[in-house]
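In each ligand, atom 1 is the first atom listed, and ligand 1 is the first ligand listed.
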Amino acid sequence: MAKILCVLYPDPQAGYPPKYIRDLQPSLKGPYAEELLSLPEKIRPSEAVVKHENEIYEAFLKEQKNQLLGCVSGKLGLEKWCKDNGHELIVVSDKDGKDSDFDKYLPEADVFITQPFWPAYLTKERIQKAKNLKIAITAGIGSDHVDLKAAAEAGISVVEATGSNSISVAEHIVMMALSLVRNYLPAHALARNGVWNIADCVSRSYDLANMRFGAVGSGRIGYAVLKRMKAFGCELHYTQRHRLPEAVEKELGLTFHKTPEEMAPHMDIISAHIPLYPQTRNLFNEAFFAKVNHGTYFINCARGELVDMDALKKAQEEGKIAAYAGDVWFPQPAPADHPWRTMPFNGMTPHMSGTSLSAQARYISITHEMLKNFLAGKPIPEDYYIVKGDQLSGTGAQSYKL
Ligand code: NAD
């Protein structure tokens, strides 16, 4: 019997379950699989993995239907399976401060599962107290809430549902690019408030077509974003740790830049899609913003700590940044007085892009699979690994540094 500790986001304010607006989930089987298999070589999953993911995803949809499972009462859909198989499932939401429920149950847990949207920070100090912990599963993508170095030193595996919600995030980023450039949110606010002043709506509104779009990171999310931005007629640029194959660059008409600083002065829109690790923390700092053009749009749905909070605020006040949008903050949940909440013309959302109901079905089905395989002593696909044994492995070795 294993003790499985899940730290999940709180239920909807109006209670659980919510009133669902649709009966069914659209099946993501076809297009999602095709898109995963069309990824550039180094980040393309094997056909066998995609086929298997589709099978477990379809089976999951039949059983769990269209449900909110990422919150406390949803229990990641694990309650019945744990009961039937004799595992103890502990689900909490209280995760910060020394006396949190997370701290209370962690020392006994064999397995820890959390989602980046409501990250339970598995720090070095917590790892030292988690004597039974063997695996940290990220239900989603992005495992920076775990101190990866400390996990590797303690021999705790870290895995995530690689590729599971990359298209969900890419769609959110495209939505943000459109809404910032076209001035959608302020114009909508005027409409809601009974105002009909066209000049106020359009004095900050442009077309996306022909704008220069720069991706910082072109992994699974960045690549999906670039593909979608091509459809809007943007001029596409990117910077990335591992340069993409020439054929891919040609197909999308991509211009490669060695560093974000080198790319910045040539862009109208910059969007970040890289993981957070020690070398990328505060990558977007005062020196970076000094390089951007006056009036650049900036989007970050990767991680809040990639950006120096005050440097961004200053760049926006100076007009270097025309408008900022993203769904990632630090810490999460963000304090009520976080300056990004009230910056003029911002298009921020709470961290939600990767946990749409569509995304949940995919990353939760993969999470179940990883958990079941781990407890049965079966292998977990290499792509899902961030840390294995005492080192980075799989996606971890490709995308992170210790
Ligand atoms: P990925 O591993 O497929 O791609 C990341 C890419 O970043 C890799 O190709 C790597 O080469 C590149 N990279 C790493 N460090 C770099 C650097 N310093 N400069 C340039 N390129 C660098 O990951 P992904 O699925 O595309 O996700 C990217 C990140 O997005 C995740 O790590 C996570 O933090 C975040 N994310 C956010 C959400 C959300 O809901 N907002 C959901 C999923 C992922």
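The shell of residues lying under 4.0 angstrom from ligand 1, judged by heavy atoms, excludes V216. Heavy-atom distances between G140 and ligand 1 stay at or above 4.0 Å for every pair. Ligand 1 is approached by F117 to a heavy-atom distance shorter than 4.0 Å. Residue contacts with ligand 1 do not include L276, since none of its heavy atoms lies under 4.0 Å from the ligand.
In D327, the part holding a heavy atom less than 4.0 Å from any atom of ligand 1 is the side chain. Residue contacts with ligand 1 for N165 involve side-chain atoms from C-beta outward but no N, CA, C or O (heavy atoms, distance under 4.0 Å). Contact annotation for R303 and ligand 1: only side-chain heavy atoms (C-beta onward) come within less than 4.0 Å of the ligand. Looking at T162 against ligand 1, nothing comes within 4.0 Å, counting heavy atoms.
Considering both main-chain and side-chain atoms, R241 comes within under 3.5 Å of ligand 1 through a nitrogen or oxygen pair.
Nearest protein neighbour of atom 10 (C) of ligand 1, counting heavy atoms only, is Q240 OE1, 3.9 Å. When hydrogens are left out, the protein atom nearest atom 4 (O) of ligand 1 is G219 CA, 3.3 Å; that is the closest non-hydrogen contact. Scanning all protein heavy atoms for the shortest distance to atom 28 (C) of ligand 1 gives H273 O, 3.7 Å. What sits closest to atom 13 (N) of ligand 1 on the protein, heavy atoms only, is I274 CG2, 3.7 Å. Among protein heavy atoms, the minimum distance from atom 1 (P) of ligand 1 is reached at R220 NH1, 3.6 Å. With hydrogens left out, the protein atom closest to atom 30 (O) of ligand 1 is I221 CD1, 3.6 Å, a heavy atom. The nearest protein atom to atom 42 (C) of ligand 1, hydrogens excluded, is given as V169 CG2, 3.2 Å; this is a heavy-atom distance. Atom 39 (C) of ligand 1 has its closest protein heavy atom at H351 NE2, 3.1 Å.
For ligand 1, the atoms sitting less than 4.0 Å from at least one non-hydrogen atom of T395 are 2 (O), numbered in the order shown with element in parentheses. The ligand atoms of ligand 1 that sit less than 4.0 angstrom from a heavy atom of Y400 are 32 (O). When each atom of ligand 1 is checked for a heavy atom of T280 under 4.0 Å away, the hits are 18 (N). Every atom of ligand 1 is numbered from 1 in the order shown, and the set under 4.0 Å from a heavy atom of S399 is 1 (P), 2 (O), 4 (O), 5 (C), 8 (C), 14 (C). The contact set between ligand 1 and S353, taken as ligand atoms under 4.0 Å from a residue heavy atom, comprises 39 (C), 40 (O), 41 (N). Numbered from 1 in the order shown, with element, the atoms of ligand 1 that lie under 4.0 Å from a heavy atom of G354 read 40 (O). If you number the atoms of ligand 1 from 1 as listed, the ones under 4.0 Å from a heavy atom of P275 come out as 5 (C), 7 (O), 14 (C), 32 (O). Residue Y277 approaches ligand 1 through these ligand atoms, each under 4.0 Å from one of its heavy atoms: 14 (C), 15 (N), 16 (C), 17 (C), 18 (N).
Annotation: the span from Q240 atom CD to M263 atom CE amounts to 11.0 Å, rounded to 0.5 Å. Note that the CZ atom of F102 and the CZ atom of F112 stand 4.0 Å from one another [nearest 0.5 Å]. In this structure, L106 CG and K95 NZ are separated by 13.5 Å, a value rounded to the nearest 0.5 Å.
The shortest non-hydrogen separation linking L61 to A361 is CD2-CB, 3.7 Å. Of all heavy-atom pairs between W340 and W329, the closest is CB-CZ3, 3.7 Å. Taking both residues in full, the closest heavy atoms of D327 and H172 are given as CB-NE2, 4.3 Å, listed atom of the first, atom of the second, then distance. Counting all heavy atoms, side chain and backbone alike, I156 lies closest to L133 at CG1-O, 3.5 Å. In terms of heavy atoms, I366 sits closest to S164 at CD1-CB, 3.9 Å.
Taking F232 as the reference, nothing meets the ring-ring contact (aromatic ring centres under 6.0 Å, His included) condition, with sequence neighbours excluded.
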For this session: Please step through side-chain contact (heavy atoms from CB on, under 4.5 Å) for the pair Y238 and V225, ending with a clear verdict.
Result: CA-CA 11 Å; Y238 81 108; V225 171; over 6 Å; no
For this session: List the steps, then state whether side-chain contact (heavy atoms from CB on, under 4.5 Å) holds for L244 with L252.
Result: CA-CA 11 Å; L244 292 168; L252 291 184; over 6 Å; no
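A side-chain donor from one of Y9 and T355 sits under 3.5 Å from a side-chain acceptor of the other. Residues E235 and H237 bring a donor and an acceptor atom of their side chains to less than 3.5 Å of each other.
Electrostatic pairing of K98 and D103 does not count as a salt bridge here, judged by no charged N lying under 4.0 Å from a carboxylate O.
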Name every donor-acceptor pair, under 3.5 Å, that has one atom in a side chain of residues 300-315 and the other anywhere in the protein, sequence neighbours excluded.
{"from": "N300", "atom 1": "OD1", "to": "A302", "atom 2": "N", "distance (Å)": "2.9"}
{"from": "N300", "atom 1": "OD1", "to": "R303", "atom 2": "N", "distance (Å)": "3.4"}
{"from": "N300", "atom 1": "ND2", "to": "R303", "atom 2": "O", "distance (Å)": "3.0"}
{"from": "R303", "atom 1": "NE", "to": "D144", "atom 2": "OD1", "distance (Å)": "2.6"}
{"from": "R303", "atom 1": "NE", "to": "D144", "atom 2": "OD2", "distance (Å)": "3.3"}
{"from": "R303", "atom 1": "NH2", "to": "I141", "atom 2": "O", "distance (Å)": "3.0"}
{"from": "R303", "atom 1": "NH2", "to": "G142", "atom 2": "O", "distance (Å)": "3.4"}
{"from": "E305", "atom 1": "OE2", "to": "R281", "atom 2": "NE", "distance (Å)": "3.1"}
{"from": "D308", "atom 1": "OD1", "to": "D310", "atom 2": "N", "distance (Å)": "3.1"}
{"from": "D308", "atom 1": "OD1", "to": "A311", "atom 2": "N", "distance (Å)": "3.1"}
{"from": "K313", "atom 1": "NZ", "to": "E317", "atom 2": "OE2", "distance (Å)": "3.1"}
{"from": "K314", "atom 1": "NZ", "to": "E286", "atom 2": "OE2", "distance (Å)": "2.9"}

